[in-house]
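Below you'll find the structure, written out as structure tokens, and then a few comments.
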Amino acid sequence: MGERINENAFSEQSGEYKLARSVMNPFIKRIVCFVTESVQSAFDVELAQCEIEKLIEVPPDYKMGDYALPCFILAKQVKRSPQMIAEKLGVGFEADEYIKNVVTTGPYLNFFVNRGMFIRHVLHCIDSEKDGFGTSDEGEGKCVVVDYSSPNIAKHLAVHHMRSALIGRSIYNLYVALGYKCCGINHLGDWGTQFGKLIVAYKKWGGEETPSDIETLYKLYVRFHKEAEDDPSLEDESREWFKKLENGDDESSELWRLFKDISMKEFDKIYDMLGITFDYYTGESFYNGMLDDTVERLKESGLLELSDNAQVVNLDKYNMPPCLIRKSDDASLYATRDICAAEYRKREFDFDKMVYVVGSEQKLHFKQFKKVLELMGYEWQDECYHVDFGLVKFKDEKMSTRKGKVVLLEDLLNESISRAREIIKEKNPDLDGRDEIADAVGIGAIIFSDLKNKRIKDVNFDWDEILNFDGETGPYVQYTHARLCSIIRKYGKNPDIGADPELLSEDEEFLLVKKLEQYPVAIKRAADVFEPSILVGHLLEICSSLNSYYNQCRIISDDSSLTDSRIVLIDCVRQVIKNGLLMIGMRPPDRM
RNA sequence: GCGCCAGUAGCUCAGCCGGAUAGAGCAUCGGAUUUCUAAUCCGAGGGUCAGGGGUUCGAAUCCCUUCUGGCGUACCA
């Protein structure tokens, strides 16, 4: 029986994590102990266990082994050829219950685990941790602030606000899984000159009726820009109105409140559909009363200087344009408010990390922002991260935001749901609860397509691609989950972890279990680099392994012992897929 | 002009703190269902890892350089 173990996730972990993993994986621990001792006895060279552990990787081919020790690095320290080292170490190996065999292949020493033991170990972990499998307590007592979505009032929620929300929410969940306390903040763009513009537009063209929907507000906004092209005085007028607003003027404050309420109603509708929540909705306006203090601190630090009548922090020394703090009319800017908000959040939450999930086009802003914090003497600026993501591009000219056209998120989501409904009608017309499932699948497809690629990649917004439910997609993962649930339903009993794992002797079964074992590693890696796509990619690998297995082996058969064992495996896969889907904000349907 | 990011199969991407034979999905073509859900699986074709130099026992991966594309570059956010 050939072996088909092929995966590579081990090779890229940080040394720190590898240490933690060894606690979890006794197989690697065993290898590390063996190598450490052997190097000592064979070459009289002493190496730390964590050094050895960093070297352990996974061979690229199933025939080669489960874990490998490349001997190149050792060769330098021991001053022998890597081939010779591998050979000499291999000779001294004795099998035990964890590692059953070792093979020397050129400069590599390849280890084979005791599969039955490995499977037993992993399945027991999953069975005992259940929904908690993949979590840890490494963040206990620490806090992460995540700033996501943060749309501007009076415009429709744009696609990039959805990206920010989905990425941000996933990062939030990842850190919760690692035991951190998280604060999710929607830093609403509810302040700034654009409010002056809106007020001007409303007063001039708003008519008698009080606006009640975001479409009306948006039209006013668009009209303002159109008219301002011919009449630049409108810009001055809007700056004056914003100034009034900032000074607490009644009329403008009332309008501001109205505009904000209308927008929030609209936003909440979309957030509900996507399952996005926040702990705080403290937008820019929230900091209005604190701005003077912030500016005062900047002044005291001697950072402020006057330039063309505006107050700025000069950043020439750092090869950056100056950071504007107050405009020539004394009004604040977004940098002012961001700095103020950061100070507030540090006071309020005493975070260990603060994450801004905002598009790449604002890179310079965050670079300046961090530099100013540093110059103010805040060491914690080191723990502020701009988690940027690529632009959303439109293939289809009809949907371009240019020419005042926008993709309405609500339309996009509804389109996806109705597409899911069509497919259900076609494939499984008698499905119970099909409306709810169409929701989960339709929305899931959107969420998944947004998170599956590295965030830095630009997204080519293409209906056909986003609404394609074949291949590496959200529906694929959900479908896999539903199938597993279906098998367990058919089995009719509760999976019994007492079933014999030794019966799971197929290569596909072992491969699957290895993927499951890597799930907590994927979580950790994804959180470390704020990259949900790492988790998504791992979920796809699990599903792909499972489907391959499913098509090759029957789970429920006449052999009741074997069936019992396979059901335990199936239940564990189901559990892990469920955990992963929830982590990225998707619902795992029991059937579809 | 300057700065940052990206360039891997026809398309979308993974792999990138150097290691064993560059991998997926989509699309195309060919197969699999009396059997636990075919939204699945198996197979085929498809590559100058943008070009050039360098470092190294070894480079898609690190350094330099050129080209292409995107974004940013003080009173918008």
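Throughout, protein chains are lettered first and strands after them, A, B, ... in sequence-line order, and every chain is numbered starting at 1.
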Nearest-neighbour nucleotide for the [X] side chain, [options] considered:
X: A:Ser548; options: B:A74, B:C41, B:C71; answer: B:C41
X: A:Glu472; options: B:U37, B:C76, B:G25; answer: B:G25
X: A:Phe72; options: B:C57, B:C36, B:G70; answer: B:C57
X: A:Glu361; options: B:C16, B:G72, B:C76; answer: B:G72
X: A:Asn551; options: B:U37, B:C41, B:A39; answer: B:C41
X: A:Asn547; options: B:C41, B:G72, B:A39; answer: B:C41
X: A:Ile423; options: B:U37, B:A39, B:G25; answer: B:A39
X: A:Lys457; options: B:G70, B:A6, B:C36; answer: B:A6
X: A:Lys393; options: B:G70, B:A20, B:U73; answer: B:G70
X: A:Lys454; options: B:U37, B:C26, B:G15; answer: B:G15

- request: For the pair A:Phe530 and A:Tyr385, name the ring-plane relationship: parallel under 30°, tilted 30 to 60°, perpendicular over 60°.
  value: tilted
- prompt: How far does the C1' atom of B:G47 sit from the matching atom of B:U66, given to the nearest Å?
  reply: 23 Å
Which atoms of nucleotides 3-5 of chain B (N or O only) lie under 3.5 Å from a protein N or O atom, and what are those distances?
{"unit_1": "B:C4", "atom_1": "O2'", "unit_2": "A:Lys363", "atom_2": "NZ", "d": "3.4"}

Given [N], is OP1 or OP2 found less than 4.0 Å from the side-chain N or O atoms of [X]?
X: A:Arg419; N: B:A39; answer: no
X: A:Tyr549; N: B:U40; answer: no
X: A:Arg566; N: B:C36; answer: no
X: A:Tyr476; N: B:C41; answer: yes
X: A:Thr193; N: B:C76; answer: yes

Could you check whether [Y] and [X], counting side-chain N and O atoms only, form a donor-acceptor pair closer than 3.5 Å?
X: A:Ser544; Y: A:Asn547; value: no
X: A:Gln311; Y: A:Glu305; value: no
X: A:Gln194; Y: A:Tyr221; value: no
X: A:Ser149; Y: A:Asn186; value: no

Filtered N/O pairs between nucleotides 62-64 of chain B and protein, under 3.5 Å:
none

message: Assuming nearest nucleotide by heavy-atom distance, tell me which of A:Pro322 and A:Ile437 is located more 5' along RNA chain B.
response: A:Ile437
- prompt: Hey, which of these two, A:Ile556 or A:Pro321, hits RNA chain B nearer its 5' end, going by closest nucleotide?
  reply: A:Ile556
- prompt: Taking atom CG of A:Asp558 as the centre, does the number of heavy atoms from other residues, nucleotides or ligands within less than 6.0 Å exceed 12?
  reply: no
task: Give none if B:G30 has no partner; otherwise give the nucleotide forming a Watson-Crick or G-U wobble pair with it, both distances under 3.5 Å.
output: B:C42
